[in-house]
There are 2 protein chains.
Amino acid sequence: MDSRLHQTHNPRAPRAPGRPREFEIGEALDKAIVVFSQQGYHGTSISELKDAMGLAAGSLYKAFKDKKAIFLAAFDRYKEVRNAVLEGELQQGSDGRDKVLRMLRVYADASLGEAGRRGCLVVGTAVELGAYDAEAAERVHRSMIRTETVLEALVREGQADGSIAPGIDPVATARLLLSILYGLRVLGKTGPTPEQSRSVVETALKLLD
Amino acid sequence: MDSRLHQTHNPRAPRAPGRPREFEIGEALDKAIVVFSQQGYHGTSISELKDAMGLAAGSLYKAFKDKKAIFLAAFDRYKEVRNAVLEGELQQGSDGRDKVLRMLRVYADASLGEAGRRGCLVVGTAVELGAYDAEAAERVHRSMIRTETVLEALVREGQADGSIAPGIDPVATARLLLSILYGLRVLGKTGPTPEQSRSVVETALKLLD
DNA sequence: CGTATTAGGAAATGATCGTTCCCAAATAGG
DNA sequence: CCTATTTGGGAACGATCATTTCCTAATACG
C-alpha cells in the first residue's frame, strides 16, 4: 500500500511521474465529510460520494483503496478541522473556567442549525460503526479519550488559577462534561433552539463551582 | 393497510380465517431490536434480519410492509420496553431527587457492557436517520421531548418535596440532564468502566443543589 | 366438507451496491 | 521526443440489496 494515497498534495515531496491529480484531496474530503455526517457510512453510496466530491468512480479508487479508506480519511480530516476550531477558541480563554465555557460553546454552536442536523462525525461513527468496525472504533475511542483529557486538563488549570472550585474531582467532572458535549451533538440532530443549547452550557457551568 | 399487521396477537380480537401465525411478533421484534441497535438501519440487511428473527423473507413481508416498517415497529417496541423499565424504577423513588438519581442510573447501567456496546435505538435512530427519514425523525423527536418532560417534572417534584434546591431552573436543568443521558449512551459504545458511568451519575447530582 | 383466506418458505426479480477494467490524456525522466 | 507512469472517466463486473411471486400448509366459516 502506497502511503501517499491518503495524503494531501505535498509540493516539497519528490514529484512522481505521470499525470498530475486535478483535484485537491482535502477539498474532496470536505465534501465527503458533509455526506458521511448526514447519512452515515452505510447510508452513503459510492455513487452519492462521487457526485458530492465531483469525481468519477475510477478517480476515487485511484486516490483511495476502498470506501472505508475514504471514510477514515474523511474522519481524520474532520478531526483536524474541529481540533483547529477548538484550539483557536481555547487560546482565547482567559482562565480554566473560561476555557471550559468556550469548549462547551463550540459544541453547542456546532449542534445548531444545518451543521447540527448534519451531526458530529465522531458521534455518528461511534454509534454506527462502534460495534461493527474495529478500525473505526479505535479512532473514535482515541478521539474521545483525547477530548476527555483536554477537559480534565482545563479543570485542573482552572483549579490552579482559582477560577474553578478546588474541591471538585477533575476526572469525574471531565467525564461528565464529555457526556454533555456528545449529548449536545445528539440533541442537535433534532434541531434545538439556540436558547436550549445556551441554557445547557450555562447550567453546566455550575459543575465547576 | 391492515392495522393488525403491526400488532402483537390479541386473543380477544375476532380471529381472522386462514393459517395462524407461527411466531410471536413481539418476540421477533425483540430480536430485530438487537440487530438494529447494533448495526443501524442501513447496516442491517433483510437477510440478516430474517436470520436473527428466524423467519423467511416471505413471512417477514407478510407481517410487515417493508424494511422501514420493521424498523419502526422495532423502535416502538424498544420504547415500550425501556419506558417500562424506567417507570418501574421511578416508582421506587422516594422523592424527586431520588427519582432523578434512579433515572440517571437506568441510562448509566444501560450504557455498560454488551447492552452499552449495542447502543440506544433512540440515539442511533437520531444520528443515522434524523436527517434522512422524516417518519423516524418524528418518533425520535417525540421520544426526546417525552424524556425531557419527565425530567422536568421530576425536578419540579423534588423542588416541591424539598429534595432539590428551589433556585434552579427546571427547564434548563432537565435539558442538561437530557444531554447527559444521551451522552452516556454515546460513551457506552466505546465500553466504559462501571466506575466511569457511576462517577458521571454522582457528579451530575450536583446540578440539583 | 369444501371454499376462502392467511401463513410458511424457497426461488426469482430488478435495482443498486462496491469495485475493477480499459483507454485516452497528461506529466516526468532519459 | 519517446517511454514509463499516473490520472480521468465511463463502461462493465459479480455480489448483494429489498421485494415479489408462487406453491404448499393450515386455519375459519358456511
Side-chain angles (χ1 to χ4, degrees), chain A residues 1-25 27-28 32 35-36 39-74 129 132-133 136, chain B residues 1-28 32 35-36 39-74 129 132-133:
Chain A
M1 180 154 56
D2 190 337
S3 69
R4 273 169 301 162
L5 290 181
H6 301 167
Q7 288 178 354
T8 53
H9 177 61
N10 178 355
R12 302 216 313 207
R15 189 73 159 67
R19 180 170 171 174
R21 182 170 285 143
E22 294 180 2
F23 63 95
E24 293 281 335
I25 291 225
E27 293 176 15
V35 187
F36 276 134
Q39 324 199 29
Y41 178 76
H42 292 298
T44 303
S45 67
I46 295 288
S47 175
E48 291 172 299
L49 226 34
K50 81 182 173 61
D51 288 350
M53 297 168 84
L55 299 174
S59 305
L60 256 184
Y61 278 88
K62 264 156 198 149
F64 301 96
K65 179 173 163 282
D66 53 19
K67 185 186 175 186
K68 203 178 99 174
I70 304 173
F71 182 83
L72 293 178
L129 303 180
Y132 176 87
D133 182 89
Chain B
M1 177 156 54
D2 189 336
S3 70
R4 272 168 304 161
L5 291 180
H6 301 169
Q7 288 177 353
T8 52
H9 176 62
N10 179 355
R12 303 214 315 206
R15 189 72 159 67
R19 179 171 172 174
R21 182 171 286 142
E22 295 180 2
F23 63 96
E24 293 281 336
I25 291 227
E27 293 176 15
V35 186
F36 276 134
Q39 324 199 29
Y41 178 76
H42 292 298
T44 303
S45 67
I46 295 287
S47 175
E48 291 173 299
L49 226 35
K50 82 181 173 58
D51 289 350
M53 298 168 84
L55 300 173
S59 305
L60 257 183
Y61 278 89
K62 263 156 199 150
F64 302 96
K65 179 172 163 283
D66 54 19
K67 185 185 174 186
K68 203 178 100 174
I70 304 173
F71 182 82
L72 293 178
L129 303 180
Y132 176 87
D133 182 89

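All of these numbers come straight from a predicted model, not from anything done at the bench.
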Roughly, in whole Å, what's the span from [atom1] in [X] to [atom2] in [N]?
X       : N       : atom1 : atom2 : value
L49(B)  : dA18(D) : CG    : C1'   : 11 Å
L55(A)  : dG9(D)  : CG    : P     : 7 Å
R21(A)  : dT5(D)  : CZ    : P     : 18 Å
D133(B) : dA18(D) : CG    : C1'   : 16 Å
L60(A)  : dT7(D)  : CG    : P     : 13 Å
F23(A)  : dT7(D)  : CZ    : C1'   : 9 Å
M53(B)  : dG8(C)  : CE    : P     : 11 Å
F71(B)  : dA18(D) : CZ    : P     : 13 Å

Original post:
Can you name the side-chain contact (heavy atoms from CB on, under 4.5 Å) partners of Y132(A), sequence neighbours left out?
Top reply: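 Listed in chain order: H42(A), L129(A), Q39(B).
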
Heavy atoms only: give me the nearest [X]-[Y] pair and the separation to one decimal.
X      : Y      : result
S59(A) : L55(A) : CB-CB, 4.5 Å
Y61(B) : D66(B) : CE2-CA, 3.8 Å
F36(A) : A74(A) : CD1-CB, 4.2 Å

Subject >> Counterpart residues, side chain to side chain donor-acceptor pair (under 3.5 Å), relative to S45(A) (two or more places apart) >> reply: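 Per chain and number, S45(A) pairs via side chain to side chain donor-acceptor pair (under 3.5 Å) with E48(A).
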
**OP:** Do nucleotides 16-25 of chain C as a string where each nucleotide becomes B, S or -: B if the base has a protein heavy atom under 4.0 Å, S if just the sugar-phosphate does, - if no protein is that close.
**Re:** -SSBBBB--B

Original post:
Would you say K68(A)'s side chain and A136(A)'s backbone share a donor-acceptor pair under 3.5 angstrom?
Top reply: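 No.
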
**OP:** Output yes when a side-chain donor or acceptor of K62(A) lies under 3.5 Å from a complementary backbone atom of R21(A), and no otherwise.
**Re:**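 No, the answer is negative, given that no donor and acceptor are paired below the 3.5 Å cut-off.
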
Subject >> Partner residues of Y41(B) under the ring-ring contact (aromatic ring centres under 6.0 Å, His included) criterion, sequence neighbours left out >> reply: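 For Y41(B), the residues satisfying ring-ring contact (aromatic ring centres under 6.0 Å, His included) (neighbours in sequence not counted) are F71(B).
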
**OP:** To the nearest 0.5 Å, tell me how far L60(A) CG sits from I70(A) CD1.
**Re:**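 These two atoms lie 4.5 Å from each other.
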
Original post:
The side chain of P17(A) lies closest to which of these nucleotides: dT7(D), dA28(C), dG9(D)?
Top reply: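 Of dT7(D), dA28(C), dG9(D), dA28(C) is nearest to the side chain of P17(A).
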
Subject >> Terminal axis angle for the helix from dC1(C)-dG30(D) to dG30(C)-dC1(D), five pairs an end, nearest 10 degrees >> reply: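 Between the axes fitted at each end of the helix from dC1(C)-dG30(D) to dG30(C)-dC1(D) lies an angle of 10°.
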
